[in-house]
Amino acid sequence: MPATHDQSPAERAAELREQINLHSYRYHVLDDPIISDGEYDALINELRAIETDHPDLVTPDSPTQRVGAQPASEFVKVRHAQPILSLAAAFDAAGVRAWYERIGKLIPAGAPVAFTVEPKIDGLTVVLTYEDGKLIQGATRGDGVIGEDITVNARTVKSIPLALLPGAPYPRRIAVRGEAYMPIDAFEKMNAAQLSAGERTYANPRNFAAGSLRQLDPRLTANRPLRVFCYAIIEWGAGPDGPDAPATQWQLLQTLKAIGFPVSDLSRRFESLDEVIAYIESYNDKRDTLNFEIDGMVIKLDDLRLSEQLGSVGNGPRGALAVKFPAREATTILKEVLVKVGRTGAITPNAVLEPVQLGGITISKATLHNFDDIARKDIRIGDRVIIKRAGDVIPYVAGPVVAARTGAECVIQPPVNCPYCDTALIRREGEVAVYCPNDECPGRLDRAIEHFVGRGAMDIEGLGTKIVAQLIDAELIGDVADLYALNKEDLLELDGFAEKKAQKLLDAIAASKQQTLDRVVFGLGIQHVGGVAAGALAAWYGSIDALLAATPDQLTGIDGVGPIIAESIVGWAGRASTRDLLTKLRQAGVNPSQEPRRAVVPVEGPFAGKTFVITGALSQSREEIAAWIEARGGKVSESVSKKTSYVVVGDAPGASKVTKATTLNIPMIGEDELRAL
Ligand code: IVH
């Protein structure tokens with residue numbers, strides 16, 4: 001409505017505020033504006049002009065004040081009118097029924113029961129207090145009793161009404177509870193903007209919303225696209241002549257909506273628990289289509305008086321229940337970063353995690369995208385990190401929990417040379433990934449897999465280059481052990497696979513679990529270990545575990561194994577990625593063993609024909625010392641006899657062995673003498 005001539009500036013300002021509040025409500029709450037942005041701006045500008053000319057007319061609830069007040073040095077504490085409770089949780093239909101069975105016993109027989117179901121917004125609680133229809137305070141939940149005064153920040157959130165609408169009678173004083181959140185699209189945009197401005201990014205919309213609302217400088221909050229949904233009334237201060245508080249949760253939501261609060265239009269009222277459950281289950285999939293994160297749905301007894309009578313248990317009202325969806329996020333410790341070389345030579349960092357349950361699976365690995373991303377998010381080894389996984393999506397590290405740092409975390413340095421072939425890594429124009437340009441790099445995933453499935457190794461028929469590439473590109477396999485986790489559904493999704501072909505391949509993969517040790521050792525693609533060396537190693541050690549414990553000296557004592565091979569094996573055995581892969585293979589059923597021949601293979605060397613007995617603690621483990629002796633042609637025996645050549649004595653030797661050696665007059669030597677022999 002345009003200004004009339006006989007209006008005072010104060011009257012016009014009041015009128016403008018009312019109009020602007022209404023349009024703001026239509027725009028930010030109802031999502032249904034009735035004027036254009038230009039017309040809206042004109043109203044705001046007119047109000048701003050009046051307020052500039054008449055500063056005494058500025059009120060805290062004026063829509064011009066949404067830009068944010070001066071920064072504060074700390075948040076003032078506020079006591080809530082009543083404890084800001086949380087909710088008991090269930091995770092499935094059975095949990096919902098169990099809840100209702102529990103409270104059903106407390107509900108008077110025959111009383112009609114209805115429920116409201118609301119989305120459980122994954123944001124943070126805000127408590128908004130109004131007096132005479134004007135926002136006078138915004139507070140965080142805090143510990144539920146004492147929260148923080150964030151009024152100036154709340155004023156910048158456009159969907160929080162500064163003044164209530166007369167759509168329904170409201171009391172003189174009212175405190176409303178809601179959830180502040182950041183829409184997903186806005187979150188992504190803001191994070192991208194933060195990134196290019198060199199500011200910190202956030203792992204999820206909730207953290208971003210929390211960080212925004214708890215800003216000491218409200219002008220920053222004003223630039224963050226926060227929203228709220230309201231769902232509860234904490235205080236209804238109507239006095240004896242004021243309007244009655246809503247009697248049901250459904251009415252409560254309608255009242256909140258009518259007086260200007262944003263209320264989720266996903267809320268529903270049902271009269272049977274079956275309908276409630278069906279509605280909630282329908283959101284298991286639909287949650288992905290929403291522009292805000294929900295981590296479940298909330299069921300509330302519709303009858304608020306009944307709910308009140310049921311009281312609370314723990315820190316939640318008996319009359320309400322949160323039904324949680326499978327989590328998509330968990331936090332755990334980042335133990336290590338492994339580097340993999342992809343099919344194209346791209347170097348990718350992978351996180352090794354302390355195992356954590358997420359969405360029904362245990363996660364101990366996750367991708368870290370690339371080294372730029374690690375640096376940008378400032379992810380460090382030892383950090384508590386947020387792991388995300390939506391549906392079938394491969395888990396990834398979304399970011400660190402900075403607040404959980406102890407100072408012992410290590411910054412992750414990007415590699416300069418390929419960890420597999422030492423070639424200098426390159427970066428291609430305009431790409432974030434770094435590459436190993438060596439086509440022959442033993443770390444290349446496709447080569448590693450082709451080698452593993454090849455004729456001389458696991459001999460898996462039907463797994464040619466093209467299919468290996470398909471499997472890698474579909475992210476079905478990230479290492480050779482993943483072959484054993486493939487299932488028919490995986491394969492049927494690939495081009496060119498039908499039932500029969502898929503089954504044939506799965507059979508061939510399963511059959512390869514029976515391959516002999518020499519083939520497995522060869523298939524693992526240890527640098528420089530060809531078929532002959534693999535055969536000698538298998539014969540000598542008899543198992544992969546024994547090979548892992550091999551020492552360089554012992555290895556070079558084996559026919560067909562020179563110092564270069566030995567060094568390569570020891571390097572391979574020492575890598576965490578090797579141990580992880582072998583564990584995975586073992587779990588998949590690939591764990592061949594055979595009788596080790598090392599005891600009977602005659603080896604030339606200084607100890608040929610000599611038998612040693614070891615007693616007491618030496619500088620290395622018994623096995624290592626024994627291996628060192630064997631590598632030099634000697635034999636190691638458990639007990640002292642006439643045939644014993646030397647007894648090697650360490651710290652705290654066995655008394656019986658020493659006595660026997662003395663009786664039989666067998667030379668006793670220390671470790672230094674042994675090495676000198
Ligand atoms: S009712 C006593 N309704 O979820 C009333 N809570 O896990 C308790 N939340 O702390 C809250 N959406 O921050 C309720 N529609 C909704 C909600 C909701 C999100 C949050 C709230 C609460 C937490 C409980």
Side-chain angles (χ1 to χ4, degrees), residues 80-91 95-96 99 103 115-128 138-148 150 154 159-160 175-183 204-207 209-210 213-214 226-236 245-246 248-257 261-270 276 279-280 283 287 290-329:
H80 296 297
Q82 51 166 288
I84 305 302
L85 298 181
S86 188
L87 290 173
F91 299 89
V96 172
W99 163 74
I103 64 167
F115 311 87
T116 64
V117 178
E118 301 164 13
K120 184 166 164 358
I121 317 290
D122 195 7
L124 64 148
T125 287
V126 285
V127 179
L128 306 167
T140 62
R141 177 174 188 272
D143 62 6
V145 178
I146 309 271
E148 283 173 331
I150 48 144
S159 60
I160 293 181
V176 168
R177 176 173 179 175
E179 204 76 357
Y181 67 95
M182 191 179 278
N204 55 41
R206 181 178 10 88
N207 291 4
L213 210 54
R214 296 191 68 259
L226 295 177
R227 290 173 156 266
V228 283
F229 275 133
C230 296
Y231 52 76
I233 293 175
I234 300 295
E235 210 185 330
W236 181 274
T248 68
Q249 176 65 14
W250 188 249
Q251 274 171 21
L252 180 149
L253 295 176
Q254 307 318 313
T255 304
L256 288 181
K257 211 191 298 189
F261 291 101
V263 171
S264 170
D265 57 11
L266 305 181
S267 303
R268 295 282 183 281
R269 181 177 183 277
F270 297 108
V276 166
Y279 187 62
I280 292 175
Y283 270 89
R287 72 193 277 208
L290 304 175
N291 192 24
F292 49 88
E293 301 265 14
I294 61 174
D295 56 348
M297 302 290 268
V298 183
I299 312 174
K300 296 174 184 173
L301 278 185
D302 198 32
D303 184 338
L304 291 173
R305 196 158 343 120
L306 177 58
S307 200
E308 179 86 34
Q309 279 162 11
L310 294 182
S312 303
V313 57
N315 64 347
R318 284 201 180 80
L321 181 75
V323 187
K324 298 248 196 146
F325 292 144
R328 281 155 169 201
E329 240 185 74

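Remember, it's 1-based here, ligands and their atoms both numbered in the order they're listed.
By the 6.0 Å contact criterion, CD on Gln82 is enclosed, its count of non-hydrogen atoms from other residues, nucleotides or ligands being greater than 12.
Below 30°, between 30° and 60°, or above 60°: for Phe292 and Tyr181 the angle between ring planes is between 30° and 60°, a tilted geometry.
Residues Glu293 and Asn204 have side chains that never bring a donor and an acceptor to within less than 3.5 angstrom of each other.
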Residues Thr125, Arg177; criterion side-chain contact (heavy atoms from CB on, under 4.5 Å); working and verdict | CA-CA 7 Å; Thr125 287; Arg177 176 173 179 175; 3.3 Å; yes
Verify side-chain contact (heavy atoms from CB on, under 4.5 Å) between Glu118 and Phe229, making sure each step is shown before the conclusion.
-> CA-CA 10 Å; Glu118 301 164 13; Phe229 275 133; over 6 Å; no
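Residues of the protein with a heavy atom under 4.0 Å from ligand 1 are Leu85, Ser86, Leu87, Glu118, Pro119, Lys120, Ile121, Thr125, Arg177, Glu179, Tyr231, Val298, Lys300, Pro317, listed by chain and number.
Exactly one residue among Leu304, Thr255, Asp303, Thr116 makes a side-chain contact (heavy atoms from CB on, under 4.5 Å) with Trp250. That residue is Thr116.
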